[in-house]
Amino acid sequence: MGRSADSTSRITRGRSIGLMAGARSTLPMSSSGTGSKLIARDKKLALKRETIQKMHDVSSPSTVIASNSSSYTIDEIIQGLGLKNPSRFVSLHSYWPPETSAIEVMGTPETPSHIIDKLMSECSAHGFSPFHVRKSSTGYIYNRIWAAIKRETLLTLSEGVATPAEIDGIFKDVLKTPKGPCEQMDVVGLDVVRDIEQHYADVRDGVPTEPRRLLDEYIAEKKLGVKSGSGFYEWKDGRKVS
């Protein structure tokens, strides 16, 4: 299926705010030199903090710095860092594939409302659909819901209730989505899913252990999903073969 003119335009304009995977770039916010820098790094908290500190040290005090982390809030990332002006650090979370227009904007209790307002308006101007996360939330809005789906999927598998193909089949049939949760986890990487699930368990009470144990079994067999060629399914050149 080809991209629509709107989605292609959004992707092109989105590059200016670093919304392509792994991008780091600048979003102009005013003619006075104020800007916004968004960083996208891996899931390791220490690396995120190191990157944030470096960005803080080399940027002007008027630059808003945003993290694209999907599982760590900006509050968690900047905790313990020697930042002179922590109010200019926010979370700005986009989604993959780049045709997806949704983007979540989340500040800290110290973030001035004018920064949130400016980010919301700039994201809209660049063709995205911004959603304001009104309180600090691990997983923002959508990923909290997605985490529950992943967790119940893994529980269902661990209990022997259904196979990955059966879970994905009924999920796609009912919700009319192109991929089911097992397919999507294979795309993300089961090791990455495991790290994210562990972080939820670290910050919340009552997260069951069975999903992580199941993921550990796959990881021990080097079944990581698409990137290893095998996970819940077999994959070749990014395509599911069985």
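All values reported here derive from a predicted model rather than from experimental measurement.
Distance check: Asp75 CG to Met106 CE gives 7.5 Å after rounding to the nearest 0.5 Å. Summarising the geometry, atom NZ belonging to Lys48 is positioned 3.5 Å from atom OG belonging to Ser69; distances are rounded to the nearest 0.5 Å. Interatomic distance, NE2 of His114 versus CG of Leu119, reported as 10.5 Å (0.5 Å rounding). The CZ atom of Arg213 sits 5.0 Å away from the CD atom of Glu210 when rounded to the nearest 0.5 Å. Once rounded to the nearest 0.5 Å, the distance linking NE2 of His93 with CD1 of Ile74 reads 13.0 Å. To the nearest 0.5 Å, atom CD of residue Glu234 and atom OG of residue Ser228 are 8.5 Å apart.
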Where do Thr108 and Thr111 land on the side chain to side chain donor-acceptor pair (under 3.5 Å) test, with the steps shown first?
-> CA-CA 5 Å; Thr108 73; Thr111 305; 3.3 Å; yes
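Atom CD1 of Ile170 is surrounded by 12 or fewer heavy atoms from other residues, nucleotides or ligands within 6.0 Å. The number of heavy atoms from other shown groups lying within 6.0 Å of CG (Asp237) does not exceed 12.
Taking a cutoff of 4.0 Å between a charged side-chain nitrogen and a carboxylate oxygen, Lys54 and Glu50 qualify as a salt bridge. The existence of a salt bridge linking Asp186 and Lys240 is excluded, since no basic side-chain nitrogen approaches an acidic carboxylate oxygen closer than 4.0 Å. Glu197 and Lys150 are not joined by a salt bridge, as no carboxylate oxygen comes within less than 4.0 angstrom of a charged side-chain nitrogen.
Judged purely by atom type and a 3.5 angstrom limit, Glu104 uses its side chain to pair as donor or acceptor with the backbone of Ile141. In this structure a side-chain-to-backbone donor-acceptor pair under 3.5 Å is present from His126 to Glu122. Judged by distance alone, the side chain of Ser230 and the main-chain N or O of Lys223 form no donor-acceptor pair under 3.5 Å. Not one N or O on the side chain of Asp191 forms a donor-acceptor pair closer than 3.5 Å with the backbone of Ile219. Using a distance-only test at 3.5 Å, with no hydrogens or angles considered, a donor-acceptor pair links the side chain of Arg88 to the main chain of Thr63. Judged by distance alone, with hydrogens and angles left aside, the side-chain atoms of Tyr233 form a donor-acceptor pair with the main-chain N or O of Pro164 at under 3.5 Å.
Taking hydrophobic clusters as Ile, Leu, Val, Met, Phe, Trp and Tyr residues chained together by side-chain heavy-atom distances below 4.5 Å, Val188 shares a cluster with Tyr218. When the side chains of ILVMFWY residues are joined at heavy-atom separations under 4.5 Å, either directly or via intervening members, Ile115 and Tyr140 end up in two distinct hydrophobic clusters. Neither Val161 nor Leu214 shares a network with the other; the hydrophobic side chains, linked directly or stepwise wherever heavy atoms of I, L, V, M, F, W or Y lie under 4.5 Å apart, form separate groups for each. Cluster membership check: Leu224 does not share its hydrophobic cluster with Met185, using side-chain heavy-atom separations under 4.5 Å among Ile, Leu, Val, Met, Phe, Trp and Tyr.
Annotation: side chain of Tyr72 is not in contact with side chain of Ser67 (no heavy-atom distance under 4.5 Å). Side-chain atoms of Thr177 and Gln184, non-hydrogen and from C-beta on, never get closer than 4.5 Å to each other. In this structure the side chain of Phe128 never reaches within 4.5 angstrom of the side chain of Val105, judged on heavy atoms. Taking 4.5 Å as the limit, every side-chain heavy atom of His199 sits out of range of all side-chain heavy atoms of Leu45. For the pair Ser91/Val133, no side-chain contact is recorded, criterion being any heavy-atom separation below 4.5 Å from C-beta on. Contact annotation: the side chain of Ser71 never approaches that of Asn143 to less than 4.5 Å [non-hydrogen atoms, C-beta and beyond]. Lys179 places none of its side-chain heavy atoms less than 4.5 Å from the side chain of Asp168.
Between Leu92 and Ala66, the closest heavy-atom pair is CB-CB, 3.7 Å. The two residues Pro181 and Phe171 have their closest heavy-atom pair at CD-CG, 3.5 Å.
Of the N and O atoms on the side chains of Arg49 and Gln53, not one donor lies less than 3.5 Å from an acceptor on the other residue. Using modelled atom types, one finds no donor on one side chain facing an acceptor on the other under 3.5 Å when comparing Arg204 with Thr138.
Here the rule is side-chain contact (heavy atoms from CB on, under 4.5 Å) with Arg212, and of Val207, Asp195, Leu154 only Val207 fits it. Tyr95 pairs with exactly one of Trp146, Tyr142, Phe131 by the ring-ring contact (aromatic ring centres under 6.0 Å, His included) rule, that one being Tyr142.
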